[in-house]
Amino acid sequence: GQQLNQSPQSMFIQEGEDVSMNCTSSSIFNTWLWYKQEPGEGPVLLIALYKAGELTSNGRLTAQFGITRKDSFLNISASIPSDVGIYFCAGPNTGNQFYFGTGTSLTVIP
Amino acid sequence: EAGVAQSPRYKIIEKRQSVAFWCNPISGHATLYWYQQILGQGPKLLIQFQNNGVVDDSQLPKDRFSAERLKGVDSTLKIQPAKLEDSAVYLCASSFPPGNEQYFGPGTRLTVT
């Protein structure tokens, strides 16, 4: 079945550092969504991307919709302890079936 | 604006028992989704409703799982009989068409013993 692969699987960084993570698919996606999930909670939508090449920011977060439509990137600048969580990419493929990625676990060390 | 509501938050049952989860989406959201999230993995879509019609249930184990959304608002997901491998968090989400931006509830953590 469809697989959205995220890398890295986990990250341990110092507070204040910048973070980059990506998501790749074997097929074309129409939309890329980035979510953050904290323990015991449902995923929370961070950024939505709708066009190839689109670059969108939300505060310290910036995400890009890859030109090939098979990948997306999320950057977090100047990380803070509350950025801790698991970050998921997600979206519908061209068949409108919705998938989530494998997740990137972020730990920020104060 | 109230978010997606789910109940119960936690449920422990023995294998072969049945269980039901309830979800109330954000007001006005026509699309409702049920996901299964096994520990350490991303959510996996089980079923998607558009109003009270099923859009996608290709990953729903239909021999034991069922879901309904009779009046196009709240929804119930049922498992009967439960297996050990059904232990997971069951998440409900909703969205307002035509966008795909889904908003999630807190989930129901199911433990099957």
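Lettering follows sequence order; numbering is per chain, from 1.
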Fill in: Same apolar cluster: B:I13 and B:V89, side chain cutoff 4.5 Å
no

Worksheet item: Do other residues, nucleotides or ligands put more than 12 heavy atoms under 6.0 Å from the CD1 atom of A:I109?
Response: yes

Worksheet entry | Side chain / backbone / both / neither for A:P43 at chain B, heavy atoms under 4.5 Å | both

Fill in: Sequence-distant partners of A:S7, side-chain hydrogen bond (donor to acceptor under 3.5 Å, both in side chains), two or more places apart
A:N22

Worksheet entry | Cluster link A:L46 to A:W32, ILVMFWY, side chain under 4.5 Å | yes

Worksheet item: Same hydrophobic cluster for A:L33 and A:F73, using side-chain heavy-atom links shorter than 4.5 Å among ILVMFWY?
Response: no

Fill in: Polar side-chain atom of A:Y99 near backbone of B:K44 as donor-acceptor pair, under 3.5 Å
no

Discussion item. Is it the case that atom CD in A:E15 sees more than 12 heavy atoms from other parts of the structure closer than 6.0 Å?
Written reply: yes

Discussion item. If I compare all heavy atoms of B:G42 with all of A:F88, which pair ends up nearest, and what's the gap?
Written reply: CA-CE2, 3.3 Å

Worksheet item: Just checking heavy atoms, which of residues 56-80 of chain B are less than 4.5 Å from chain A?
Response: B:D56, B:S58, B:Q59

Worksheet item: Is the CG atom of B:L39 crowded by more than 12 outside heavy atoms at less than 6.0 Å?
Response: no

Worksheet item: Does any heavy atom of chain B fall under 4.5 Å from the side chain of A:F98, the backbone, both, or neither of them?
Response: both

Worksheet item: When rounded to the nearest 0.5 angstrom, what is the spacing between CG in A:L45 and CD in B:Q102?
Response: 9.0 Å

Worksheet item: In terms of hydrophobic clusters joined by side-chain contacts under 4.5 Å, are B:F21 and B:Y10 together?
Response: no

Worksheet item: Do B:F96 and B:V55 share a hydrophobic cluster (ILVMFWY, side-chain heavy atoms under 4.5 Å, transitive)?
Response: no

Worksheet item: Closest approach of A:A48 and B:E101, non-hydrogen atoms and distance?
Response: CB-OE2, 3.7 Å

Worksheet item: Distance only, no hydrogens: is a donor on one side chain within 3.5 Å (strictly under) of an acceptor on the other, for A:Q37 and B:Q37?
Response: yes

Worksheet item: Restricting to pairs with a member in residues 6-110 of chain A, which pass disulfide bond (SG atoms under 2.5 Å apart), not counting sequence neighbours?
Response: A:C23-A:C89

Fill in: Contacts with chain A made by residues 103-113 of chain B (heavy-atom distance under 4.5 Å), listed by residue number
B:Y103, B:F104, B:G105, B:P106

